[in-house]
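Let me begin by presenting the structure, written as structure tokens, before commenting on it.
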Amino acid sequence: MATPMQARAIVHRTRGSTHGPITRLVSPSDLGERLKPFVFLDLASFKPEPGRAKFGMHPHSGIATLTFMMTGDVAYEDTTGKQGVLPAGGVEWMLAGNGVWHTGAPTGGAPMSGFQLWVALPASEENAPAESLYLAPSEVPHEGPARVLLGRYGAARSPIPAPADMNYLAVHLKGGERWRYTPPAGHTVAWVAIHAGQLEVNGSVGAGELAVFEESGQPIDFAADGDTSFVMGSAVKHPHELVMGYYSVHTSKATLAQGEAEILRIGARLRREGRLG
């Protein structure tokens with residue numbers, strides 16, 4: 001007789017820290033060390049105010065950011081030269097590399113909510129030229145209840161070139177629905193963050209909460225207590241030290257200094273152009 005599979009344990013829970021419309025669930029100085037390459041996660045939720053930008057132009061280096069809107073549309077602009085509107089269900093991928101500035105603001109009248117994730121880059125990419133990629137909702141592949149924002153799940157593969165071996169999924173389950181996630185080989189890092197609803201996943205995890213799973217290769221079983229939407233990530237552990245600046249995460253002091261120098265150079269240009277206060 002086969003031995004029953006042991007449920008993958010939750011080893012940490014958090015509701016983060018909330019400042020206005022932003023709840024910071026992960027930062028590089030706390031859970032980022034445990035969850036790297038996933039080093040930062042914000043949950044944003046607010047109503048748009050006409051004429052007022054909610055996110056000022058700000059820089060990054062050494063990381064990639066992925067913004068996924070659950071509800072509402074966001075206007076974006078970045079110093080790679082791209083601008084437009086990211087609709088609900090769309091994805092903004094910003095590989096900051098050696099340095100980039102970007103901004104966003106809610107547009108339209110609908111409330112906006114979504115997640116912004118930071119991913120630590122390997123040494124080969126942390127000072128590479130910045131690149132950005134924007135996916136319309138129809139361009140985000142899905143398999144069953146999961147939309148694949150990064151990596152691969154089943155037959156679905158994200159068109160975004162992930163910088164390391166990782167998956168980042170947005171999942172919606174109806175009340176009573178069950179779903180098993182089997183991580184790829186080597187994906188010992190795993191976590192889940194709930195946008196709305198409640199999950200039973202070796203314990204109850206509610207809206208606004210992030211749960212960290214023990215480091216192992218075991219599958220994770222989810223059951224929805226009512227309609228539930230969430231994001232989850234799994235990955236091979238990032239092998240590098242996290243060397244932090246204010247908006248940056250690098251693998252060494254030297255590469256951080258290089259990225260911060262480029263951030264200052266771009267910032268000076270933006271000021272000359274009147275795009276910064």
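Just so it is clear, the structure is predicted and the values come from calculations on it, not from any experiment. Sequential numbering from 1 along the given sequence is applied to the chain's residues. Basis for what follows: all heavy atoms, side chains included, without hydrogens, waters or symmetry-related copies.
Between Lys174 and Asp227 there is no salt bridge, since none of the side-chain N atoms of the basic residue sits less than 4.0 Å from a carboxylate O of the acidic one.
Between Arg24 atom CZ and Leu43 atom CG the span is 11.5 Å, to the nearest 0.5 Å. Distance CG/Asn127 to OG/Ser252: 7.5 Å, rounded to 0.5 Å. One finds the NE2 atom of His240 at 7.5 Å from the CD atom of Glu126 (value rounded to the nearest 0.5 Å). How far OG1 of Thr79 is from CD1 of Ile263: 9.5 Å, rounded to the nearest 0.5 Å. Atom CG of residue Leu149 and atom CE of residue Met166 lie 12.5 Å apart, to the nearest 0.5 angstrom. Distance check, rounded to the nearest 0.5 Å: CZ of Arg157 to CG of Asn167 gives 10.0 Å.
Of the candidates Glu77, His58, Lys82, His58 is the only one forming a side chain to side chain donor-acceptor pair (under 3.5 Å) with His102.
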- [ ] Show your reasoning for whether side chain to side chain contact (heavy atoms under 4.5 Å, CB included) applies to Leu41 and Leu35.
- [x] CA-CA 11 Å; Leu41 186 69; Leu35 296 178; over 6 Å; no

Task: Evaluation steps, side chain to side chain contact (heavy atoms under 4.5 Å, CB included), between Ser132 and Glu92 - done: CA-CA 7 Å; Ser132 60; Glu92 177 199 45; over 6 Å; no

- [ ] Kindly determine whether Val231 and Trp191 satisfy side chain to side chain contact (heavy atoms under 4.5 Å, CB included), including the steps that lead there.
- [x] CA-CA 9 Å; Val231 292; Trp191 55 271; 3.9 Å; yes

TODO: Apply the test side chain to side chain contact (heavy atoms under 4.5 Å, CB included) to residues Lys237 and Glu215: give CA-CA distance (whole Å), side-chain angles for both, the deciding distance (0.1 Å), then the verdict.
DONE: CA-CA 9 Å; Lys237 190 90 170 185; Glu215 291 193 16; 2.9 Å; yes

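Put simply, the side chain of Phe222 does not reach to within 4.5 Å of the side chain of Thr228, judged on heavy atoms. Looking at heavy atoms from C-beta onward, Leu270 lies in side-chain contact with Trp101 at the 4.5 angstrom threshold. Counting heavy atoms from C-beta on, the side chains of Asp221 and Arg178 never come closer than 4.5 Å. Within the 4.5 Å cutoff, the side chain of Leu66 has heavy atoms near those of the Val91 side chain. Side-chain contact check for Arg269 versus Arg275: some heavy-atom pair is nearer than 4.5 Å. Side chains of Pro159 and Leu135 form a contact here, defined as non-hydrogen atoms less than 4.5 Å apart. Side-chain contact between Met244 and Ser29 is present, with heavy atoms from C-beta onward closer than 4.5 Å. Contact annotation: the side chain of Leu199 approaches that of Leu173 to within less than 4.5 Å [non-hydrogen atoms, C-beta and beyond].
There is a path of hydrophobic side-chain contacts, each under 4.5 Å, that joins Ile194 to Phe213. Hydrophobic clustering (side-chain heavy atoms under 4.5 Å, transitive across Ile, Leu, Val, Met, Phe, Trp, Tyr) keeps Leu31 apart from Val249. Residues Leu25 and Leu150 are members of one and the same hydrophobic cluster, defined by side-chain heavy-atom contacts under 4.5 angstrom among Ile, Leu, Val, Met, Phe, Trp and Tyr. In the hydrophobic clustering of this structure, Leu121 groups with Ile160; members are Ile, Leu, Val, Met, Phe, Trp, Tyr whose side-chain heavy atoms approach within less than 4.5 Å, directly or through other members. Under the 4.5 Å side-chain heavy-atom criterion for ILVMFWY residues, no single connected hydrophobic cluster contains both Val189 and Ile63.
Judged by distance alone, the side chain of Glu214 and the main-chain N or O of Ala9 form a donor-acceptor pair under 3.5 Å. Of the possible donor and acceptor atoms, one in the side chain of Arg15 sits under 3.5 Å from a partner among the backbone N and O of Ala207. Checking side-chain atoms of Ser45 against main-chain N and O of Ser113 turns up no donor-acceptor pair under 3.5 Å. Judged purely by atom type and a 3.5 angstrom limit, Asp78 uses its side chain to pair as donor or acceptor with the backbone of Thr80.
In terms of heavy atoms, Tyr247 sits closest to His60 at O-ND1, 3.1 Å. Shortest non-hydrogen contact noted between Pro161 and Trp93 is O-CZ2, 4.3 Å. Closest approach of Ala130 and Gly99 over heavy atoms only: CB-O, 3.7 Å. Across every non-hydrogen atom of Arg34 and His12, the tightest pair is NH1-CB, 3.1 Å. Closest heavy-atom contact between Arg8 and Gln218: NH1-O, 2.8 Å. Closest approach of Val39 and Ala120 over heavy atoms only: CG1-CB, 3.9 Å.
Phe68 has its ring centre no less than 6.0 Å from the ring centre of Tyr168. Tyr153 has its ring centre less than 6.0 Å from the ring centre of Trp179.
Note on ring orientation: taking the six-membered ring where Trp is involved, the planes of Tyr76 and Tyr134 are parallel (angle under 30°, cut-offs 30° and 60°).
Checked by atom type, the side-chain pair Ser248/Glu260 shows no donor-acceptor distance below 3.5 Å. Using modelled atom types and a 3.5 Å distance limit, the side chains of His187 and Ser234 yield a donor-acceptor pair.
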